[in-house]
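Below is one structure, written out as structure tokens; comments come after it.
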Amino acid sequence: MTNHKMTARDVSVYYGQKRAIDNVSIDVDMDNVTAFIGPSGCGKSTFLRTLNRMNDTVASARVEGKIELDGHDIYSPDMDVVQLRARVGMVFQKPNPFPKSIYENVAYGPRIHGLAGAKSDLDQIVEKSLRRAGLWDEVKDRLTDSGTALSGGQQQRLCIARAIAVDPEVILMDEPCSALDPIATAKIEELIHELRGRYAIVIVTHNMQQAARVSQRTAFFHLGTLVEYGDTSAIFTNPREERTKDYITGRYG
Amino acid sequence: MNSVTPFIGTPDATASAKPATARVPTDWTTKAMQSRIRRRYAAERRFRLAGLAAVWLSAGFLAFLLSSMLWQGASGFVETRVALPIDFAAAALPIEPARLTSRGADLALASAGLEGAVDSAATRAFGKDGEGLLSDGAWVTVRDALKADPGLLSRKTVIAVPVASPVDMAAKGDGPPEAEAVVARLKARGVLTRGLSMTFLTTADSTDATRVGIWGAFKGSLLTMIVTLLLAFPIGVLSALYLEEYAPKNRWTDLIEVSINNLAAVPSIIFGLLGLAVFLGTFGMPRSAPLVGGLTLALMTMPVIVIAGRNAIKAVPPSIRDAALGIGASPVQVVFHHVLPLALPGILTGTIIGMARALGETAPLLMIGMRAFIAAPPSGLRDPATVLPVQIFLWSDQVSRGFIEKTSAAIIVLLVFLLAMNGVAIYLRNKFETRW
Amino acid sequence: MSALALFFLVLGLGLIAWLSARMRAARFRVGNTARFSSLPAHHGWYVALWTAIPPLLFLVGWSMVAPALVTDTVLASPAAVQLPPPGFDRASILSEARSLAEGRSFGAFHELARVLSPVYAAAQSRYDWIATALALLLTFAGGAFAFLRVRPGFGARTRVERIVMILLLGASLIAILTTVGIVASLLYESARFFSIVPITDFLFGTHWSPQVVDARDPGASLGAVPLFWGTFFIGAVIAMIVAIPFGLMSAIYLTQYAAPTTRKWMKPILEVLAGVPTVVYGYFAALTVAPAVRDFAVWIGISWASSESALAAGLVMGIMIIPFVSSMADDSIAAVPSSMRDGSLAMGATSSETIRRVLLPAALPGVVGGVLLAVSRAIGETMIVVMAASGVATLTLNPFASTTTVTKQIVDLLTGEAEFDSAKTLAAFALGLTLFVVTLLLNIVALTVVKRYREAYE
């Protein structure tokens, strides 16, 4: 495969003295949805946050190894973290719309990055992003309502629309459905299908069925190490490692 | 859920429904985009710098305030003395040496004309202006020297006595021109010395800058604070216990809570008006007395203690109450045996902070008349008195130049006490702070 | 007998009561294995409280009425007819007579004081004896009553606890009492003021010069609008222009940018600014800032600039308020969920963009509430304006001109040698009432805003 959008090689993450991630190497493809699974505390979220340097906000965090986006080291000094995060968007565990209107939530990114010249361009971006996030029909008549007034599932789709609006190349999703009900979850999963191919998507989940449903590649993390990484079907039907098997069959986690 | 088909067994990664080329990625490398990002980073730096500047300027104000007080006030603790040769044998004061050791010595010396003797000694030593060189309190220094050594009465001796305020100022480098000339002359004769002014530490207010002292105001503050503490602490702690542990949820309780929260935010001068109208007007208590000052400040401090106390009590985990109740302790026992001891450090911290605020408070005390000129330290709670901050206020109004350093010196004393109190509060908080 | 000695005597008797009741209760236990509801100490406390509390309450009440009773007796004496009519002279003669009677001074200015002092001493000692006798009577009656009730089955603990509860309740009622006292005294004196000066003249009049009050039309020179304006101008405009940017930016820097150690040190240092007594700020304002401001004004060409300008007082007041604004802003920003910050950063916003466009708008209600509280504190601040602002009331927008404030006028009106009943002194209470109402409203609004804001993120 040469279509690797992001590659991570021998990545270790430390919080102070404590090593949270140990020597993880992984590739993220443009065409696939990649799922990170594993028991809670296994480091999958930590690793996800290294991919757009959100770990920079934690003072004690330190990253070793190499992570490249399109062959460019994202931790090199000449990489601009602001641009990086615009190219590698993120959706969080709990929906976190800003306490602004729906429109302003989506327009926020294009505004700060200067992606829209005129108001009409901005309108267009907002509409397109909301359409892609499958939210347009639900909110098109109340774009000036506060984003926090939406339901949980709608809020999360708004956050996805917000991430899409800055035209990212990769979207990182950190357990995006863990705070949602099953129907909202189904909508988000549907959305992930829609978005596949347009963006490289990485999703962290502790729900194995979800990983099986939405992803093509799956990485199993345990205690900060990458145990197994391969095609989702292979991992779920025929895991190579004993630990993966134990986890998938529900022995622990 | 049926719209979502499980993906197990369909690893057709390449058979994506949408072609990957459908999107045109944002080009971040264009010149416009790059310069935009540079501008954003510049804005970021400016914003951060503004924040840093705000912090440093605020700290700078504080540093400037404190250092200017120190700068002006340090000399207030020092007095300039001139060596005054005085011949008691020649002056022949009509007094027997034996009386100098008796209790009436001060009165006896004063009526024996000691002050005149000192003045004429000054005239002899320093010419016809010599008398004006000395502080009005110079003869008191001589008196104390005589009392310490009655044998001096029959001898000639040299005593270092404090100089008058303009000369003192000039010796410290900031006096009127004529005094500067005098100082230059005296310096040439080598009779000027400097020393810690005991007068400043041991006396009360005066009209002469060289004779003022802070002891009177300090004692007034002490008495006032005792009254405040004795009233505000028990009432505050008991209210906090009641509100936090026993109060039923009803209108009365709400009313008490609202009252306390509002009292904590009422301007201090309003408490002064209350003291004036109620304590002085209705109850006819004495004006300017530490008793009334303490009462007024207690009403002001109590809400602070209640609020701090409630927070400290709230921080005691319910499991401790449950444990005590579980072995059959009554609600009162639970609180007085378990909750109160555990909350005490927090309550004490709040109390000290409240007391520090009361110690620095001026406005309400002006209202109840504590701004009078009080030349003697108070000896009881009903005596007229003044307190440190009010003394500072009174001295700051004086036109005489010598008062500037005295005012700043009094401020230093006040700040030292406040700093010490806050230090104790921080120490208590750190030492006893428990994370449950 | 002096009040203090009596106080300690009562306490001593209480201690004796405690010991004896405890001993008596302990004796019931000897050779008895039954379970008691109360420990001996509870019996001790029960009796001790019954012994000490009634006379102490009596003494507190007595000390409030006794001076008046003594004075009345003296005034009723034949010698008192020579006293001048009520006023400063009369008060000073009486107080002199009292201090002579109490042996605190030995000489008197007024001949009359010397005459009255024996009368004073006699009245004083008579009432003292009455007080002592009544107090001791109460002590023994209460003690005996309680002591006789000490029995094995007597539930002393529940009684003691009930007394403790009453004490607790009583203590918390003091807060209400204080509030009532404030409101009542302000209302009462203000009502007297408004019976002399029409309330409309006071609230809407634009001329304030209490030095010359025309007895026929006192309202003409007691119009408080210039004071309200001056207070607003100094406390809510100039002080806030200093305090809001400095306080807000410090809070932002310390919460968002500073290293934890910097924050740990700088925060308490900034809080020292709030702990400096206001009289020190006032002195600083009058001695250092005001001349500097005046020099600056002259330098930029305003030759008539006042040396007691609104700007000097406002600037220093603003500095004093910085930590207040800063800690309120700090709390409000900290209350914004960190997920918002992460959400914005994850889209490639810089820190300052995140702060300005997400955190601050989200924290705005809290910040506004904090600013309102800061304004309420600033307009109630007294010493800075007393020492640095002028006493001349002018309606001006010029910060270099002299302006006065409500608090400054309260102090000025009440510290002269005026009589207590004149329109001038009563005006101080009307100003106090206005100040009280305004700060109360500001606080209520601010606290409601802040509370709503907190709840929104909980």
Side-chain angles (χ1 to χ4, degrees), chain B residues 40-41 43-44 47-48 50-52 54-55 57-59 61-62 65 68-69 234-235 238-239 241-243 246 255-256 259-260 262-263 265-270 273-274 276-278 281 283-284 299 302-303 306 330 332 356 360 362-363 366-367 371 389 392-393 396 407 411 414-415 418 422, chain C residues 64 67-68 157 161 164-165 167-169 171-176 178-179 181-182 185-186 189 245-246 249-250 252-254 257 266 269-270 272-273 275-280 283-284 286 288 319 322 350-353 376 380 382-383 387 407 410-411 414-415 428-429 432 435-436 439-440 443:
Chain B
R40 284 173 61 197
Y41 273 117
E44 167 75 20
F47 190 74
R48 193 190 162 113
L52 190 64
V55 173
L57 274 174
S58 308
F61 288 138
L62 180 69
L65 177 74
S68 78
M69 290 305 147
I235 294 177
L238 293 181
S239 310
L241 283 177
Y242 179 75
L243 289 175
Y246 304 114
L255 192 63
I256 296 175
S259 297
I260 287 174
N262 281 330
L263 283 180
V266 165
S268 60
I269 193 169
I270 301 284
L273 290 177
L274 171 76
L276 176 62
V278 175
F283 294 152
L299 294 182
M302 184 206 47
V306 176
S330 72
V332 170
T362 319
L366 295 183
M367 295 291 93
R371 64 180 295 167
I392 291 168
F393 171 65
S396 76
T407 312
I411 286 177
L414 179 61
L415 287 178
L418 290 178
N422 282 306
Chain C
M64 288 180 182
R157 201 198 69 221
E161 292 187 345
V164 169
M165 292 302 287
L167 262 179
L168 291 178
L169 180 63
S172 42
L173 287 180
I174 301 267
I176 293 189
T178 310
T179 311
I182 289 176
S185 58
L186 290 181
E189 307 289 351
F246 278 96
M249 286 310 289
S250 322
I252 288 171
Y253 185 81
L254 290 180
Y257 288 112
M266 286 313 286
I269 287 178
L270 290 192
V272 171
L273 274 175
V276 172
T278 53
V279 68
V280 177
Y283 184 60
F284 181 67
T288 312
I319 294 173
I322 287 174
T350 61
S351 297
S352 66
E353 286 161 351
S376 124
T382 309
M383 289 322 289
M387 295 166 84
T407 47
I410 294 177
V411 172
L414 286 178
T415 47
F429 284 91
L435 181 65
F436 179 74
T439 51
L440 195 68
N443 284 316

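By convention in this document, chain letters (A, B, ...) are assigned in the order of the sequence lines, proteins followed by strands, and residues within each chain are numbered from 1. In this text, all values refer to a predicted model and were calculated from it rather than measured experimentally.
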Okay, B:L241 and chain C: the region with an atom under 4.5 Å from a heavy atom over there is side chain
Among C:F284, C:F436, C:F246, C:Y283, single out the residue with the greatest number of heavy-atom pairs under 4.5 Å to chain B. C:Y283
Where does B:A50 contact chain C at under 4.5 Å (heavy atoms): side chain, backbone, both or neither? both
Quick one: which of C:T439, C:L173, C:V272, C:I410 has the most heavy-atom pairs under 4.5 Å with chain B, could you say? C:I410
Less than 4.5 Å to any heavy atom of chain B: does that hold for the side chain of C:L440, its backbone, both, or neither? side chain
Just give me the residue among C:I269, C:T350, C:L167 that pairs up with chain B most often, heavy atom to heavy atom, under 4.5 Å. C:T350
Under 4.5 Å heavy-atom distance to chain C, tell me which part of B:L415 shows up: side chain, backbone, both or neither. side chain
For chain B, which candidate among C:S352, C:G432, C:G380, C:A286 shows the most heavy-atom pairs at distances under 4.5 Å? C:S352
Can you measure from CG (B:L274) to OG1 (C:T178) and round to the nearest 0.5 angstrom? 7.0 Å
Check the pair B:T362 / B:I392 against side-chain contact (heavy atoms from CB on, under 4.5 Å), numbers first and verdict last. CA-CA 9 Å; B:T362 319; B:I392 291 168; over 6 Å; no
Roughly how far, to the nearest 0.5 Å, is the CD1 atom of C:I176 from the CD1 atom of B:I260? 8.5 Å
Structural part of C:I319 lying under 4.5 Å from a heavy atom of chain B: side chain
Below 4.5 Å from any heavy atom of chain C, which atoms of B:L418 appear? Answer side chain, backbone, both or neither. side chain
Interchain contact, C:I252 with chain B, by part (heavy-atom threshold 4.5 Å): side chain
Below 4.5 Å from any heavy atom of chain C, which atoms of B:P303 appear? Answer side chain, backbone, both or neither. neither
Return the CD1 to CG distance between B:I235 and C:L168, rounded to the nearest 0.5 Å. 12.0 Å
Interface check, chain B: of C:S185, C:G181, C:S351, most non-hydrogen pairs under 4.5 Å belong to C:S351
Which of the residues C:N443, C:L254, C:L273, C:I322 is involved in the greatest number of heavy-atom pairs with chain B at under 4.5 angstrom? C:L273
Would you compute the distance between atom OG of B:S259 and atom CD1 of C:I174 and round it to the nearest 0.5 angstrom? 12.0 Å
Taking only Lys NZ, Arg NE, NH1 and NH2, and the carboxylate oxygens of Asp or Glu, determine whether C:R157 and C:E161 approach each other closer than 4.0 Å. yes
For B:L57 and C:M249, what are the C-alpha separation, side-chain angles and deciding distance, and is it a side-chain contact (heavy atoms from CB on, under 4.5 Å)? CA-CA 11 Å; B:L57 274 174; C:M249 286 310 289; over 6 Å; no
